[in-house]
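I have placed the structure first, in the form of structure tokens, so that the comments after it can refer back to it.
This structure is a prediction, so every number in the text was calculated from the model and none was measured. Counting starts at 1 for both ligands and their atoms, following the listed order.
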Amino acid sequence: MTNTWMDIKNANVILVMGGNAAEAHPVGFKWVVEAKAHNKAKLIVVDPRFTRTASVADYYAPIRSGTDIAFLNGVIRYILEKGQVQHEYVKAYTNASFIVREDFKFEDGLFSGYNEKEHKYDKTSWAYELDDKGMAKVDETLQNPRCVINLLKHHVERYTPEMVSSITGTPQKQFLEICEMLAATSAPDRTLTSLYALGWTQHSIGAQNIRALAMLQLLLGNIGMPGGGVNALRGHSNIQGLSDLGLMSDLLPGYMTMPKDEDLDRATYLDKRTPKLLRPGQMNYFANYPKFFVSLMKAWYGPAATKDNDFAYDWMPKLDKVYDGLRVFDLMHEGKINGYFCQGFNPLASFPNKNKLSESLSKLKYLVVMDPLATETSEFWKNHGESNDVDASKIQTEVFRLPTTLFAEEEGSLVNSSRWLQWHWKGADAPGECRTDVAIMSDLFLKLREMYKKEGGAFPDPILNLHWPYHDAEEATPEELAKEYNGKALADIMDPNDKTKVLIKAGQQLSSFAQLADDGTTSCGTWIFCGSWTEAGNQMARRDTADPSGLGIAPNWAWAWPANRRILYNRASCDPSGKPWDAKRKLIGWDGTKWGGYDVPDFKADIPPGDAMNPFIMTNEGVGRLFALDKMAEGPFPEHYEPFENPLGTNPLHPKVVSNPAARVFDKDREHFGTNAEFPYVGTTYRLTEHFHFWTKHSKINASLQPEQFVEVGEALAQEKGIANGDRVIVRSKRGYIKAVAVVTKRIKALDVAGKRVHQIGVPIHWGFTGAARQGFLANTLTPFVGDANTQTPEFKSFLVNIEKDTDGKVPAVPEATASATMKTADAGDVDLGRRGWLFGRKRKEEV
Ligand SMILES: Nc1nc2c(c(=O)[nH]1)N[C@H]1C(S)=C(S)[C@@H](COP(=O)(O)OP(=O)(O)OC[C@H]3O[C@@H](n4cnc5c(=O)[nH]c(N)nc54)[C@H](O)[C@@H]3O)O[C@H]1N2
Ligand SMILES: Nc1nc2c(c(=O)[nH]1)N[C@H]1C(S)=C(S)[C@@H](COP(=O)(O)OP(=O)(O)OC[C@H]3O[C@@H](n4cnc5c(=O)[nH]c(N)nc54)[C@H](O)[C@@H]3O)O[C@H]1N2
Ligand SMILES: [Mo]
């Protein structure tokens, strides 16, 4: 989120598109209710299904899954044509006036630089024209036809209301009414907030859905504003923390990036990552990259990271390519991976094309599952009566189960969608022999280190020199780890205003990332978390609800990265002279000598307005980008590409380039994509309030609330197929089939798309063959193995299926396991999540 959960209450218009917040984020959704009740906000929902969110909306419109870019580009066209943009904001704070290189083009569905063989772009032409000092050229008059705004107008020209309606299936009248409501938020004192989640990201063009929204918000002047922003509602309670800590193959903590093969030394690595400014007088915060990086190396390698060894740079692994989930399972499928550690992840259930997944797991020599529960993944070798079951007698995979505690059985911090680090306390002791993930990983590390010490090995240095300063080597405490992420001084830090005064003594906790140094005198495990555990104590445990502005800032509740800033880009909530666009919603302002107010300004406190510096301090030109330069894989402007399996068999805009030309797809998976002739209906998958993915089916309470796999079928299609509510049906895709109960509903309507009638079928994801709910199939048997070009997120939300009545009417059979694969498992004790569930929070309540 650029903004926060509480800030939603400040919005005038709320667009829920690409998500179903009332069901998937029911607690946070209260802020939408608050905005409606106290701010007379209008809630608009655009979803293929009439969801529980839609049921409380002021306005609902249906859409064909996978076509939101057409919709949003249509809205952008509408507001540009009507002149309903916030002109002053756009001129001052976006790259509208920047001039793009002559050789940048878009033709027949492709941007300039496409390499057909590699399915990838050479992005050289996706750039500004530069002057002889290397600064971007701009035309403040916006007359130059190569200005970003003019190229954008030209790009969206094709997205007329007729075209939008024809692609999306959203009736034109509804589309235009929504355009009007969104356009009205271009007034400086009105804001739109947008809440999205997986309905936008789980597409082969997912990241561009979000870009399109971000561009719309820039044009409407809504970024940086209370009640505005681009707000991703994150999934798992700590999934924001996952990306913050760099738990992706190409990331390091704090959104630094892994060194690549060709980055032979630290200087080369840093040079490529330290930004080159594109406007005079600008600042880009990542100019401090070397300080963040060296401090990270000091946290990891302690005294062993020195100037002389380039701060241990050579011990860092160098990446040859991105190892996202799709790539990893594809490599496994090719037999190129021996062993797999699966920690808090149930890929057989949660990853696309379940049959490919079970074939992949069958090729491993060993699989280690660290989980509090027996999962589909840990039991993948059992026979479940499906046609493509694994024959356990023919595979070599040895499975180890290491039962872990779960989040409620340990303390620590979780980072929520608002970027708040919130400390939580232990609710109960874990049953049986469960151990924390930290304890298991520590043991593994200590054992490996011992083996390297004794036996040597190809490259022992990174293991032997890892800094391990914890009081108990076998289990660092959450406090120790949190302090390490925050960072500390390794030498006295002097006060920058009075060089004779010590600001932070050697050994003390740092209070701000501004204190980080690139000479080895500070250590910091995650620069964006610096400030979360200072000498004043654990800032994440703060629970003060005071909110002096009344805008939902509450600066002393928990701690938000970066720098406890609650709303990102808040400089843009003021006009160029430093006055809030909307006096009633003052976040910060220029008081004549400095920036101040209710939030932590993202601008240097003493830089006066009117200075050459622009507000978007994380870009090299200081402005928000309507033209994304080379940051996206498939183009600097969003373009409508069809899902890899689409009901039209073509793209109405450019039949030669149907789907995202740069998407993550492996050639051999293309033969597993179905056509609309064989599979005429659009399938889409989603979650329900009553379950959390694949684990709450282990709890008897949840299992009885939503006991078995069902699919939602619109009335028209059901009638066509002779399916009645409650009938058993088989849903097939090119990759396999599932059996389910049919729920015949008014909530999914057939849509008129490009002259065709298109039906959509809804498939909730929560069941499988472990747990207390009725056992059966996995929804992901149906989904295709293809992902977004930038994030590699699988295309779970739009694929092709067929449906038929299950005429033998039998309940899916789940025979007893007929396995002979080796299964080593420690005793997890009582792993009935139902009983565990009762324990959650009990102690917590007492403490509160
Ligand atoms: N109760 C419960 N809550 C959860 C979870 C859970 O399992 N159970 N999981 C958590 C996790 S990890 C996540 S990531 C979030 C996910 O949160 P959400 O993304 O909100 O949840 P989903 O149900 O996956 O999908 C949301 C909606 O997107 C719609 N949709 C599908 N395709 C499209 C499209 O192309 N365009 C548009 N506009 N809409 C589309 C679907 O019909 C669905 O209603 O939920 C979190 N919250
Ligand atoms: N078709 C389709 N597929 C989807 C989606 C969809 O919308 N449609 N959504 C996708 C999304 S957004 C997500 S996030 C994934 C979720 O996919 P997964 O993350 O694979 O699913 P979970 O069931 O949340 O699995 C997490 C596991 O973590 C375990 N666990 C809980 N606490 C701890 C702990 O402290 N330590 C350890 N080691 N384990 C713990 C739980 O018991 C559980 O088995 O599914 C994805 N798959
Ligand atoms: Mo998620």
Side-chain angles (χ1 to χ4, degrees), residues 15-28 45-54 61-69 71 168 195-203 205-206 209 232-239 242 325 342-352 354 369-378 402-410 412 430 434 436-437 440-441 643 682-698 702 712 747-748 760 762-766 768 770 778-783 793-799 831 833:
L15 175 68
V16 176
M17 185 168 176
N20 178 12
E23 282 207 67
H25 300 89
V27 178
V45 173
V46 182
D47 194 298
R49 306 179 302 128
F50 187 83
T51 59
R52 285 169 173 170
T53 312
I63 187 169
R64 171 167 67 100
S65 182
T67 64
D68 297 62
I69 288 175
F71 193 109
T168 60
L195 312 179
Y196 75 89
L198 282 288
W200 268 358
T201 59
Q202 292 174 336
H203 293 282
I205 36 83
N209 279 324
L233 309 188
R234 311 284 332 240
H236 282 97
S237 54
N238 197 29
I239 199 68
L242 177 141
C342 187
Q343 184 184 12
F345 182 27
N346 186 2
L348 191 72
S350 63
F351 238 56
K354 177 247 167 189
V369 179
M370 294 169 61
D371 203 289
L373 300 165
T375 65
E376 276 71 16
T377 303
S378 71
L402 305 179
T404 64
T405 55
L406 35 79
F407 62 91
E409 292 158 347
E410 55 187 334
C434 295
T436 66
D437 292 83
I440 294 172
M441 281 298 176
V682 175
T684 190
T685 55
Y686 47 89
R687 46 209 19 87
L688 306 170
T689 307
E690 294 81 358
H691 277 299
F692 195 85
H693 299 151
F694 315 101
W695 36 319
T696 53
K697 62 175 151 52
H698 292 262
N702 304 66
E712 295 190 85
R747 287 176 280 114
I748 307 184
Q760 306 188 79
V763 184
I765 59 174
H766 300 292
T770 66
L778 286 163
N780 274 322
T781 308
L782 301 174
T783 48
T793 298
E795 189 148 67
F796 288 127
K797 290 286 187 266
S798 197
F799 49 95
V831 287
L833 191 68

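In this structure, atom 37 (C) of ligand 2 lies nearest to the protein heavy atom Thr404 OG1, 3.2 Å. Nearest non-hydrogen protein atom to atom 40 (C) of ligand 1 is Pro48 CD, 3.3 Å. When only non-hydrogen protein atoms are considered, atom 20 (O) of ligand 1 lies nearest to Asn20 N, 2.8 Å. Protein heavy atom closest to atom 29 (C) of ligand 2, with residue, atom name and distance, is Asp371 OD2, 3.1 Å. The nearest protein atom to atom 27 (C) of ligand 1, hydrogens excluded, is given as Asp47 OD2, 3.4 Å; this is a heavy-atom distance. Shortest contact from atom 34 (C) of ligand 2 to any protein heavy atom: Thr405 O, 3.2 Å. For atom 24 (O) of ligand 1, the closest non-hydrogen atom of the protein is Arg687 NH1, 2.6 Å. If you check which protein heavy atom lies closest to atom 35 (O) of ligand 1, you get Gly66 N, 2.7 Å. From the protein, the heavy atom lying nearest to atom 32 (N) of ligand 1 is Ser65 OG, 3.0 Å. Looking only at protein heavy atoms, the nearest one to atom 23 (O) of ligand 2 is Trp695 CD1, 2.9 Å. For atom 28 (O) of ligand 1, the nearest protein heavy atom (residue, atom name, distance) is Gly199 CA, 3.4 Å. Ranking the protein heavy atoms by distance from atom 7 (O) of ligand 1 puts His693 N, 2.9 Å first.
Close approach to His25 involves these atoms of ligand 1, each under 4.0 Å from a residue heavy atom: 15 (C), 17 (O), 45 (O). In summary, the atoms of ligand 1 found under 4.0 Å from a heavy atom of His236, numbered by their order in the structure, are 12 (S). Residue His766 approaches ligand 1 through these ligand atoms, each under 4.0 Å from one of its heavy atoms: 7 (O). For ligand 2, the atoms closer than 4.0 angstrom to any heavy atom of Phe345 are 20 (O), 27 (C). Less than 4.0 angstrom separates some heavy atom of Thr51 from each of these atoms of ligand 1: 44 (O). Near Met370, the atoms of ligand 2 lying under 4.0 angstrom from a non-hydrogen atom of the residue are 37 (C), 38 (N), 39 (N). Near Phe694, meaning under 4.0 Å from any of its heavy atoms, are these atoms of ligand 2: 21 (O), 23 (O). Set against the non-hydrogen atoms of Leu373, the atoms of ligand 2 under 4.0 Å away are 42 (O). The Glu23 neighbourhood of ligand 1 comprises atoms 1 (N), with distances under 4.0 Å to a heavy atom of that residue. Here is the list of ligand 1 atoms found below 4.0 Å of a heavy atom in Ala197: 17 (O), 18 (P), 19 (O), 20 (O). Atoms of ligand 2 found under 4.0 Å from any heavy atom of Thr375, numbered from 1 in the order shown, are 44 (O). Numbered from 1 in the order shown, with element, the atoms of ligand 1 that lie under 4.0 Å from a heavy atom of Met17 read 38 (N). Each of the following atoms of ligand 1 lies closer than 4.0 Å to a heavy atom of Thr684: 31 (C), 32 (N).
Looking only at side-chain heavy atoms (C-beta outward), Thr404 and Thr436 stay at 4.5 Å or farther from each other. A heavy-atom distance below 4.5 Å is found between the side chains of Met441 and Met370. Between Ile69 and Ile205, some side-chain heavy-atom pair lies under the 4.5 Å cut-off. Side-chain contact check for Cys342 versus Pro347: some heavy-atom pair is nearer than 4.5 Å. The side-chain heavy atoms of Val46 and Phe71, taken from C-beta on, include a pair separated by under 4.5 Å. Cys434 is not listed as a side-chain neighbour of Glu409, based on a closest heavy-atom distance of 4.5 Å or more. At a threshold of 4.5 Å between non-hydrogen side-chain atoms, the residues Trp695 and Asn346 do not count as touching.
Remark: ligand 1 and His203 share an N or O pair separated by less than 3.5 Å (distance only, no angle test). At least one N or O atom of Val46 sits closer than 3.5 Å to an N or O atom of ligand 1. Here's the thing with Gln202: none of its N/O atoms is less than 3.5 angstrom from an N/O atom of ligand 1. Between Gly18 and ligand 1, an N or O atom pair is found at a separation short of 3.5 Å. For a threshold of 3.5 Å applied to N or O pairs, the pair formed by Leu688 and ligand 1 contains at least one separation below that value. An N or O contact shorter than 3.5 Å is missing between Thr685 and ligand 1 by distance. Note: no N/O pair closer than 3.5 Å links Leu198 and ligand 2 by distance alone. Polar contact with ligand 1: absent for Gly235 (N/O pair, distance under 3.5 Å). In terms of N/O distances under 3.5 Å, ligand 1 is not approached by Arg234. Any N or O atom pair closer than 3.5 Å counts here, and Asp437 shares at least one such pair with ligand 2. Taking only nitrogen or oxygen atoms, main chain and side chain alike, Ile63 does not reach within less than 3.5 Å of ligand 1.
Contact annotation for Asn780 and ligand 2: only side-chain heavy atoms (C-beta onward) come within less than 4.0 Å of the ligand. Looking at Ile239 against ligand 2, nothing comes within 4.0 Å, counting heavy atoms. Residue contacts with ligand 2, taken as heavy atom pairs separated by less than 4.0 Å, involve Phe796 solely via side-chain atoms from C-beta onward.
In this structure, of Ser378, Ala24, Cys342, Gly344, the residue bringing a heavy atom nearest to atom 26 (C) of ligand 2 is Gly344. Which of Gly768, Cys434, Ser350 comes nearest to atom 47 (N) of ligand 2 through a heavy atom is settled by distance: it is Ser350.
By the 4.0 Å heavy-atom criterion, Pro372 is counted among the residues contacting ligand 2. Distances from ligand 2 to the non-hydrogen atoms of Phe407 include at least one value under 4.0 Å. No heavy atom of His698 sits closer than 4.0 Å to any atom of ligand 2.
Ionic pairing of Lys697 and Glu690 is not present here: no N-O contact between side-chain nitrogen and carboxylate oxygen is shorter than 4.0 angstrom.
Figure legend: Arg687 and Phe692 shown without cation-pi pairing, the cationic atom not lying both under 6.0 angstrom from the six-membered ring centre and within 45 degrees of its axis.
In terms of heavy-atom proximity, Ala374 sits nearest to Thr770 at O-OG1, 3.6 Å.
With Tyr686 as reference, Glu712 is the one residue of Glu712, His766, Gln202, Glu23 to meet the side-chain hydrogen bond (donor to acceptor under 3.5 Å, both in side chains) rule.
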